[in-house]
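Following: one structure in structure tokens, then a few remarks.
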2 protein chains.
Amino acid sequence: MKGQAVKDKILDVASDLFYKQGYNLTGINQIIDESDIARASLYHHFKSKTDLLVENLRRADENYFLQLEKFLASFTDPKEKLLAMVDFRIALQKKLGFGGCRFMKSSLEISKEEEKKVLSITHANKEKLKKVIRGLVSQVNQKQILPDDLLTETIFLLLEGASLYGAVTKSSLSLKKSKKIIESLI
Amino acid sequence: MKGQAVKDKILDVASDLFYKQGYNLTGINQIIDESDIARASLYHHFKSKTDLLVENLRRADENYFLQLEKFLASFTDPKEKLLAMVDFRIALQKKLGFGGCRFMKSSLEISKEEEKKVLSITHANKEKLKKVIRGLVSQVNQKQILPDDLLTETIFLLLEGASLYGAVTKSSLSLKKSKKIIESLI
DNA sequence: GTCTATAACCAGATAGAC
DNA sequence: GTCTATCTGGTTATAGAC
């Protein structure tokens, strides 16, 4: 293995371990062992462990919206798309083993010294998500129980709250309830 | 210093550091230094670092509902009490410096080996919180936009989502929006 | 019950050979 | 650009004196 293949392998392994064990509980040594690469190769491609996390989150951010777009493409009705956003999250939750959102997870455990970059990636990721929600809400908010911006915030916070609480209960119950709630509000 | 005073001092210092720096980034050494106690004193009162975290969360859980009860006592109208629950969370957020909910924070960074006890304390804490919400909702849900159980879940998830997202944005904006949302739904 | 000294181990990062 | 060996300082926990 060499060049980009090594870099990709390191990122894949790190991504997996950071999510399953947490960033702080994952050592460089374990990443090296499970990647089957040499110590110095890691430090050739990444200047530090923090750098590795930042790169990982950047990739995850890109990937998140590619996957979401693909998932929503099969629906045409904006109402259905909005509800499908919850299903997307339920599917993700199952796929990831109920660990919660990786951006929030990293943001909550990162040290003050490293937090700036991590929080800014998380912030950008969530604001992009809100923008997607807002776009759909503007096409669908017929009942006018809430104005568009508050309905957007509601849906966003339900998704975030339910995903994270699902990491405590190890279930999709809150996300399933969120779907019903959203159905009643739009 | 001796006996219970030592134990209390250790718990106070640990509680503060676990919240500000995170559990995994806080070393036993730092707790000892800042508590001005001896190494072996800590291991006399607590059998391990995990044990210290569990004790800390147990105390925080008790304290949380004592504080909440005190805060809500100045209101009589159940509608006002419900909205005051958001204000309580906003006040807490400011007091704690926008670090997010300590139970969720600990639950998301804990190792698989230690997670059982931590998740069960968090789970119990949140279900008790839901119970408080549910009690008020049953007295106040006039509009019937949502049935009681879904309105309860909505308020709960708004509080959780907004508190944690506030740790990313370092602001109370989402909690303030949540208050408006809840006002529109009850 | 508090103290100091130390065991046993693992972290992140770098130097220099090839 | 990948390799191995090593540096330095950190970790949690325990032993035994007082």
Side-chain angles (χ1 to χ4, degrees), chain A residues 1-58 105-106 108-118, chain B residues 1-57 105-106 109-118:
Chain A
M1 214 166 22
K2 61 179 183 173
Q4 190 62 33
V6 168
K7 190 170 181 179
D8 287 344
K9 179 70 179 173
I10 295 168
L11 272 169
D12 286 346
V13 169
S15 170
D16 198 49
L17 292 174
F18 286 167
Y19 185 73
K20 284 184 183 151
Q21 304 180 343
Y23 172 72
N24 291 314
L25 291 177
T26 301
I28 290 284
N29 293 329
Q30 193 185 4
I31 295 171
I32 288 161
D33 288 350
E34 300 197 12
S35 300
D36 276 312
I37 51 107
R39 189 162 204 77
S41 293
L42 189 148
Y43 283 99
H44 171 75
H45 290 289
F46 305 94
K47 72 173 196 288
S48 66
K49 191 188 165 190
T50 313
D51 191 45
L52 187 47
L53 175 65
V54 169
E55 272 299 313
N56 162 34
L57 292 179
R58 272 199 234 283
K105 219 172 119 79
S106 299
L108 288 170
E109 72 160 318
I110 200 73
S111 72
K112 296 291 169 200
E113 291 76 35
E114 307 167 285
E115 85 172 356
K116 207 177 167 183
K117 281 183 186 168
V118 172
Chain B
M1 213 166 21
K2 61 178 184 173
Q4 189 64 33
V6 169
K7 189 170 181 178
D8 287 344
K9 178 72 178 172
I10 295 168
L11 272 169
D12 286 346
V13 169
S15 169
D16 198 48
L17 292 174
F18 287 166
Y19 185 73
K20 284 184 183 151
Q21 305 180 343
Y23 173 72
N24 290 314
L25 291 177
T26 301
I28 290 285
N29 293 330
Q30 194 184 4
I31 295 171
I32 288 160
D33 289 350
E34 300 196 12
S35 301
D36 276 311
I37 51 108
R39 189 163 206 75
S41 293
L42 188 147
Y43 283 99
H44 171 74
H45 291 288
F46 304 95
K47 73 173 197 286
S48 66
K49 191 187 165 192
T50 314
D51 191 44
L52 188 46
L53 175 66
V54 168
E55 271 301 312
N56 162 34
L57 293 179
K105 220 172 119 76
S106 300
E109 72 161 318
I110 200 72
S111 71
K112 296 291 169 200
E113 291 76 34
E114 306 167 285
E115 87 172 354
K116 207 177 166 183
K117 281 183 185 169
V118 172

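The model shown is predicted, which means the values in this text are computed figures rather than measured ones.
Note: CG (D51(B)) to C1' (dA13(D)) measures 14 Å, nearest angstrom. In this entry the distance linking CG of L42(B) with P of dT4(C) reads 14 Å, nearest Å. When rounded to the nearest whole Å, the span between CZ of F46(A) and P of dT14(C) equals 16 Å. Distance I37(A) CD1 to dT4(D) C1': 13 Å, rounded to the nearest Å. The separation between L52(A) atom CG and dA11(C) atom C1' is 15 Å, rounded to whole Å. Here the P atom of nucleotide dG10(D) and the CG atom of N24(B) are 18 Å apart, to the nearest Å. Distance I32(B) CD1 to dT4(C) P: 11 Å, rounded to the nearest Å. If you measure from atom NE2 of H44(A) to atom P of dG16(C), you get 19 Å, rounded to the nearest angstrom.
Here the side chain of V6(A) is nearest to one of dT2(D), dG12(C), dT12(D), namely dT2(D).
When the nearest nucleotides of DNA chain C are assigned to I28(A) and R39(B) by heavy-atom distance, the more 5′-ward of the two goes with R39(B). Mapping Q30(A) and A40(A) onto DNA chain C by nearest heavy atom places Q30(A) at the nucleotide closer to the 5' end.
An OP1 or OP2 oxygen of dA13(D) is reached within less than 4.0 angstrom by a side-chain nitrogen or oxygen of Y43(B). Applying the 4.0 Å criterion to OP1 and OP2 of dC3(D), one finds that S41(A) has a side-chain N or O inside that range. Dashed line: the shortest gap from a side-chain N or O of H45(B) to OP1 or OP2 of dT2(C) is under 4.0 Å. Listed pair N29(A) / dG12(C) fails the phosphate criterion, with no side-chain N or O lying under 4.0 Å from OP1 or OP2.
Remark: side-chain polar atoms of E109(A) are paired, donor with acceptor, to backbone N or O of Y23(A) under 3.5 angstrom. In this structure, K9(A) contributes its side chain and D36(A) its backbone to no donor-acceptor pair below 3.5 Å. Between the side chain of T50(B) and the main chain of E114(B), no donor-acceptor pair closer than 3.5 Å is present.
Contact annotation for T26(B): backbone-only contact, meaning every heavy-atom pair under 4.0 Å involves sugar-phosphate atoms and none involves a base.
A cation-pi arrangement is absent between K105(A) and F18(A), since the terminal nitrogen or guanidinium carbon is not both under 6.0 Å from the aromatic centre and inside a 45° cone about the axis.
For K7(A), the NZ atom counts as densely surrounded, since its 6.0 Å shell holds more than 12 non-hydrogen atoms of other residues, nucleotides or ligands.
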